[in-house]
Amino acid sequence: MNALLDNLNPEQHAAVTLPPEPALILAGAGSGKTRVLTTRIAWLIQTGQVAPHSLLAVTFTNKAAKEMLTRLSAMLPINTRGMWVGTFHGLCNRLLRAHHRDAGLPQTFQILDSSDQLSALKRMLKALNIDDEKYPPKQLQYFINNAKECGLRAKDVEANDDFNRKFVELYALYDEQCQREGVVDFPELLLRCYELLDRNQILREHYQARFRHILVDEFQDTNSLQYAWLKLLANYGKQPTNALFAVGDDDQSIYAFRGANVANMEKFEREFRVRHHIKLEQNYRSHGHILEAANTLIRQNSRRLGKNLWTASGEGEPLRVYEAPTDMLEAQWLVEEIKNLIAEGYSREEIAVLYRSNAQSRVLEHALFSAMIPYKVYGGLRFFERAEIKHALAYLRLIENKDDDTAFLRVVNFPTRGIGARTLEQLQDTARTYNQSLYASVPMIAGKAGSNLTAFVNLIEQMRFAAQGLTLPEVIEQVIHQSTLITHYQNEKEGQDRVDNLQELVNAATAFISEEGLAQDTGATTSLVLNDTSAESAPNVAPSTPLANFLAHAALEAGDNQAAEGTPAVQLMTVHAAKGLEFNAVFLTGLEEGLFPHENSLVELDGVEEERRLMYVAITRARKRLYMSLAQSRMLFGQTRYSVKSRFLEELPENTLKWLTPKVQALGSNWSYGASAQSNFGGSNGQYGKKDRAWDEAWDKQDNAQTAAASAKIRQKQGEHASGFRIGQAVFHTKFGEGVILELEGQGADARAQIKFRRHGNKWLALGIAKLTAI
């Protein structure tokens, strides 16, 4: 018996030992998918089916990749450095570094994160004298990134009006600017890599022959381009097809707004003629009531592959539901319950508070702060996104690549050195005239402006010279001092945190060197691509430096959340941020129509199904206890909103729920705190006291007439119109195609609907003439 396979359940064992052909593993929440993926890799290596460097494993976070490599090191006596395990962007970066000439990129190309990309677009619009109100940079950024994620260059994008035609033109100019400066944005990493493999048959066949086994985690989150990239490497359409081992859960597909396409799972099954379809349904995380609620809820979705989670750990406690008059009272109740949990022995870091919208956190934070309960907002400002860190990285990028105009503009006058907007406009005009970088154009600027610019260039050259022979941490240390960033922040009233962060950047470089096993000298030719030293390594590997590797690492890591340190704290986060995490006790707040499900989902095709998947994710984060709450009135975006409870609460099985308050069916009901109802109040202790009577008073003070009117309006919007249609309903029109109803008004012959059509935008149609068909 192979020791690697011990303690696997039958389904896990079957998945790990599948033959080398395409397979889909439908892995439910808490079913041990990471264990299956890692054990599959270890089993393939141990049984001699694949060498460590000839296997490709794709994850969606750097954290997941590191965890996988750590587990592999514990399973097998192998050196995992150099294995091709990483994110789509990380692996594409590695391939492009190895073949930068074939990809049409400079050896030291830099990666633009989202904010750097936006800065580059703003700079381009300004240089072209284009009105950024008419053509908003953020909208242009979304347009370009969406096109790239669909695998489209500017020449491939169809423009059906003047506005889109202009965006296509700007997309082409932006690509030219990036090429000239030697930089790539995140979507470009994947698109450029796909194009490289698609057009270069020799290179493509090399990697197809090398990666006979490809394993993909979170397959439900892949977008169209990522799936196309995988098909290229998997030798799709040829025989034999490489063994593409896809692990995912269609019920946890919650990133459609990022371009994720859950339909890729069905396409993969069909296109690769998958014979092996294994379901991992045994859950090792949650108790039975939690899983029954999750299973019942998600069955309401029509488009799913289908599975049913179960556990051997018993039913556990019911799900507690609380309905508060206001969001402030909801937060006060939450604080009292957290205190009770802590008194019972729950550690703070094992308690999570989830919400659908970031706007909900303010009231929760205030309540926790007032109660002196330590908390952390998970997913706050990330280390590599902090302003002082981005300034330091810009100096380092210029040392590595002096033609990086985005980095140049970030720090040319920071800290202030007398270089104003007019000087920079003159420099940009000169650079454009001679089709060269800003750095190279500095000698052409005369007068005081030229002197100030020359002083900046001399500073960068001095830094570059001083960096020779230094270790990476020493380079960063001298840059943050020589640039006067440290001095600048030390002179700020509250700059100590920024100084500490700059010092932490030195520590980050030290850790990076240690973890990656790179040579310390900045002149060394160790490559991030290829800590892989085998003879099977990719051909034409380009030499790189630890500084270049670290800069790429910083850009790739910018999206990863930093781990909490110090005092144990209650975790606050959005439901999206909670995916992949688990806690002993979970509070799911704001379960109101319009908030969860979000009101935007009502006007999007399949929007409510995606929200239901999000609710499913939220429920399955809980191990032992799950609390769910809602407020009948809530302050959001400066306005008081009156709500009815979420449809998702109605979709949960009653036998799994314990209502801590009377199950109020509609807003505006009279609350009775008589003797018969008292046992339902006061949290899990069933007590009713002064605080509960204060809640009575707070609710009674509200304007009943306003409340009733708001409730009626909500019910009218959510209910069915006299025409038989309802808001949020998907419909079909013979001329305009598929759409979703946004508004309904009027009666009889005057009835009309505002509909958002996929291809034709919003239109008002008379219902008596339009002949709409419900989808």
Item to complete: Indicate the ring-plane relationship of Tyr255 and His576, choosing parallel, tilted or perpendicular according to the 30° and 60° boundaries.
Response: tilted
Worksheet, complete the sentence: Rounded to the nearest 0.5 angstrom, the OG1-CG distance for Thr59 and Leu215 is 11.5 Å
Item to complete: For the residue pair Phe60 and Phe88, categorise the inter-ring angle as parallel (less than 30°), tilted (30 to 60°) or perpendicular (more than 60°).
Response: perpendicular
Worksheet item: Does a salt bridge link Glu218 with Lys33, judged by any charged N lying under 4.0 Å from a carboxylate O?
Response: yes
Discussion item. Quick check on Glu205: does its CD atom have over 12 non-hydrogen neighbours (other residues, nucleotides or ligands) under 6.0 Å away?
Written reply: yes
Discussion item. Rounded at 0.5 Å granularity, tell me how far CZ in Arg613 sits from CZ in Arg304.
Written reply: 10.5 Å
Discussion item. My understanding is that only residues two or more places apart in sequence, or in another chain, count here; which of them pass salt bridge (Lys or Arg N to Asp or Glu O under 4.0 Å) with Arg356?
Written reply: Glu611
Worksheet item: Looking just at side-chain N and O atoms, do Asp116 and Gln110 make a donor-acceptor pair shorter than 3.5 Å?
Response: no
Worksheet item: For the residue pair Phe272 and Phe268, does the interplanar ring angle fall in the parallel (under 30°), tilted (30 to 60°) or perpendicular (over 60°) class?
Response: tilted
Worksheet item: Donor-acceptor pair, Glu349 side chain versus Pro568 backbone, under 3.5 Å?
Response: no
Worksheet item: Hey, does the side chain of Asn242 reach the backbone of Leu233 with a donor-acceptor pair shorter than 3.5 angstrom?
Response: yes
Worksheet item: Any luck finding a side-chain donor-acceptor pair between Asn93 and Arg97 under 3.5 Å?
Response: yes
Item to complete: Please list all pairs passing the salt bridge (Lys or Arg N to Asp or Glu O under 4.0 Å) test where one or both residues lie in residues 220-232, with sequence neighbours left out.
Response: Asp221-Lys579, Lys231-Glu271
Discussion item. Lys307: which residues meet the salt bridge (Lys or Arg N to Asp or Glu O under 4.0 Å) condition with it, sequence neighbours left out?
Written reply: Asp249, Asp251
Discussion item. Do Arg285 and Phe583 form a cation-pi contact, if we require the NZ or CZ to be under 6.0 Å from the six-membered ring centre and within 45 degrees of the ring's axis?
Written reply: no
Fill in: Under the side chain to side chain contact (heavy atoms under 4.5 Å, CB included) test, residues paired with Ala243 that sit two or more places apart
Pro20, His213
Worksheet item: Excluding sequence neighbours, so at least two apart, what forms side chain to side chain contact (heavy atoms under 4.5 Å, CB included) with Ala74?
Response: none
Worksheet item: Would you say the side chains of Ser347 and Glu350 form a donor-acceptor pair under 3.5 Å?
Response: no
Worksheet, complete the sentence: For Val575 and Ala618, the nearest pair of non-hydrogen atoms, with its separation, is CG1-CB, 3.7 Å
Worksheet item: Would you call Arg35 and Leu8 a side-chain contact if the rule is heavy atoms closer than 4.5 Å?
Response: yes
Discussion item. Keeping Thr620 on the side-chain end and Val617 on the backbone end, is there a donor-acceptor pair under 3.5 Å?
Written reply: yes
Discussion item. Could you check whether Glu21 pairs with Arg275 (Lys NZ or Arg NE/NH1/NH2 to Asp/Glu carboxylate O, under 4.0 Å)?
Written reply: yes
List the atom pairs, with distances to 0.1 Å, where a side-chain N or O of residues 256-263 and a protein N or O form a donor-acceptor pair under 3.5 Å, not counting sequence neighbours.
residue	atom	partner	partner atom	Å
Asn261	OD1	Ala263	N	3.1

